[in-house]
**Q** 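Quick one: the structure is below, questions incoming.
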2 protein chains.
Amino acid sequence: MITSKKTSRPRASKLARPSGPARHPVPAHVLRSFTPARHDHRRCVSAALSKADATCNASGRRLTPLRRRVLELVWRSHTPVKAYDLLAALGREREQAAPPTVYRALDFLLEAGLVHRIASLNAFVGCGEPGPGHTGQFLICTACGTVAELDEPALSKTIAASAERLGFEVRRETIEIAGLCAGCRRRGAD
Amino acid sequence: MITSKKTSRPRASKLARPSGPARHPVPAHVLRSFTPARHDHRRCVSAALSKADATCNASGRRLTPLRRRVLELVWRSHTPVKAYDLLAALGREREQAAPPTVYRALDFLLEAGLVHRIASLNAFVGCGEPGPGHTGQFLICTACGTVAELDEPALSKTIAASAERLGFEVRRETIEIAGLCAGCRRRGAD
DNA sequence: GAAAACAGGTTAGATGATAACATCAAAGAA
DNA sequence: TTCTTTGATGTTATCATCTAACCTGTTTTC
């Protein structure tokens, strides 16, 4: 995952989202869209880190160098990243890196709402719109591995209605939809 | 899980669902409801096994003694069962029981649609309405551990609509809603 | 009855996650 | 400032979950 990251090309400074006639314009409820084929991923990552700095400052949380570094590694890829891949990446750049190092950082980032855990993959993705309250709704492409994050109130509303009828009190929603993203369908991925 | 199963009382042969004025009558889209406090669980399990026999016969799959036994162990409890609890239970009744024994049986049962995997718990539950095509929608009570399975077309429809707008082709839905069931709320569980 | 396909046993190990305790640094109180 | 408390991380060990690979025996199919 981490190892297979495509080296981003700094000079391809098109807009982050292609300006041509997109076949599937990104609706407003999409917190994190599928990766445009070519985009300046450096910008993508640094934007995420800036947001993280801001939200941590605002909430009085300490985004330490280690935590920030783990967040950066998570954002390095648009596909979910495994804890042990993070561990390996950390191990390459510093002496000390044991499982608790990574898991503690991830716990912090999860709690701060900066990353999400994808239960069906045992993996983690950066959150496109950090902050409390929004729940995980994900579309996961099984071909390219990319994840899009939704915040679809209609979905939560439907769930709430269904739960209501059974007298069930909703606390946490795990919604992970696996399938094929538009790009992979177009190029005929299975 | 397996170890903490309540011994079912064979003589309490009320109906499986209480006939009194239920506060939350079970709607039709509920494939597997929260356990009524008292029900003849033996009947519950044997019904599941009969259904399994039937669907396997119909589809030409071989529900071997081992697979059938694992399915029975899964159904022993209305809460999701962990693979290693199954392994321990098997180990008590036969010599040979290693992880692959259980995981292979579970793979078969998953494929046959006889059990579901709850990704957020790394655990398995029996499927209330075996057969292909229906996707996992679960309400999970964090207090008593019981799981209800839904087949709420409105939910799938909402997801389909959302995916459609992004050109995403849905293949598999993982919907796991954690919270409190009616019973646990009533008795004031946290 | 031989070949092929399938079920299961067995060994080993990869991957995922946590407990428990030690150390050091930052933040707040005296 | 110095002391004290809290929080972050290092370190070791272990538990939990899942899979690969290879082998044996049993059905199924031809």
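Values below: every heavy atom of this structure, side chains too, minus hydrogens, waters and symmetry copies.
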**Q** So, does B:Lys82 get its side chain near the phosphate of D:dA16, meaning an N or O under 4.0 Å from OP1 or OP2?
**A** no
**Q** Just checking A:Arg62: base, sugar-phosphate only, or nothing, at a heavy-atom cut-off of under 4.0 Å?
**A** sugar-phosphate
**Q** Name the residue closer to the 5' end of DNA chain D, choosing between B:Ala83 and A:Ala97 according to the nucleotide with the nearest heavy atom.
**A** A:Ala97
**Q** Rounded off to whole Å, could you give me the CG-to-P distance for the B:Leu87 and D:dA16 pair?
**A** 12 Å
**Q** Return yes if some donor-acceptor pair links the side-chain N/O of B:Arg117 with the main-chain N/O of B:Ala123 below 3.5 Å, else return no.
**A** no
**Q** Of all the nucleotides listed (D:dC18, C:dG8, D:dT9), which has the minimum atom distance to the side chain of B:Arg117?
**A** D:dC18
**Q** Please determine if a side-chain N or O atom of A:Arg61 lies less than 4.0 Å away from the OP1 or OP2 oxygen of D:dG7.
**A** no
**Q** Check this one for me: any side-chain N or O of B:Asn122 less than 4.0 Å away from OP1 or OP2 of D:dA16?
**A** no
**Q** So which atom in B:Leu49 and which in B:Arg68 form the shortest heavy-atom distance, rounded to 0.1 Å?
**A** CB-NH2, 3.7 Å
**Q** Expressed in angstrom and rounded to an integer, what is the separation of B:Leu90 atom CG from C:dT10 atom P?
**A** 13 Å
**Q** Taking five pairs at each end of the helix from C:dG1-D:dC30 to C:dA30-D:dT1, what angle separates the two helix axes (nearest 10°)?
**A** 30°
**Q** Which heavy atom of A:Leu106 sits nearest to which heavy atom of A:Val115, and what is that distance?
**A** O-CG2, 4.3 Å
**Q** With nearest nucleotide decided by heavy atoms, which residue, B:Ala98 or B:Leu66, maps closer to the 5′ end of DNA chain C?
**A** B:Leu66
**Q** Counting just side-chain N and O atoms, does A:Tyr103 come under 4.0 Å of either OP1 or OP2 of C:dA17?
**A** yes
**Q** Determine whether a donor-acceptor pair (one donor, one acceptor, N or O, separation below 3.5 Å) exists between the side chain of B:Tyr84 and the base of D:dC18.
**A** yes
**Q** Is the phosphate of D:dT9, meaning OP1 or OP2, less than 4.0 Å from a side-chain N or O of A:Arg67?
**A** yes
**Q** Hydrogens and angles aside, do B:Ser156 and B:Gln137 bring a side-chain donor and acceptor to less than 3.5 Å of each other?
**A** yes
**Q** Mind calculating the distance between CD1 (B:Ile118) and P (D:dT17) to the nearest angstrom?
**A** 15 Å
**Q** Grab the two heavy atoms, one from A:Trp75 and one from A:Cys127, that are nearest each other, plus how far apart they are.
**A** CZ2-O, 3.4 Å
**Q** Relative to each other, are the rings of B:His116 and B:Phe138 parallel, tilted or perpendicular (30° and 60° limits)?
**A** perpendicular
**Q** Hey, does the side chain of A:Thr146 reach the backbone of A:Cys141 with a donor-acceptor pair shorter than 3.5 angstrom?
**A** no
**Q** Heavy atoms from C-beta onward define the side chain here; which of C:dA17, D:dA20, D:dT11 lies closest to that of A:Pro100?
**A** D:dT11
**Q** Rounded to the nearest Å, what distance is computed from the CD atom of residue B:Glu111 to the P atom of nucleotide C:dA7?
**A** 10 Å
**Q** If you check the A:Arg104 side chain, which of D:dT11, C:dT10, C:dG16 turns out closest?
**A** D:dT11
**Q** How many whole angstroms separate atom CG of A:Asp85 from atom P of C:dA17?
**A** 12 Å
**Q** Just checking, is any N or O donor in the side chain of B:Glu152 or A:Thr158 under 3.5 Å from an acceptor N or O on the other one?
**A** no
**Q** For B:Thr101 and C:dG9, is the shortest distance between a side-chain N/O and OP1 or OP2 below 4.0 Å?
**A** yes
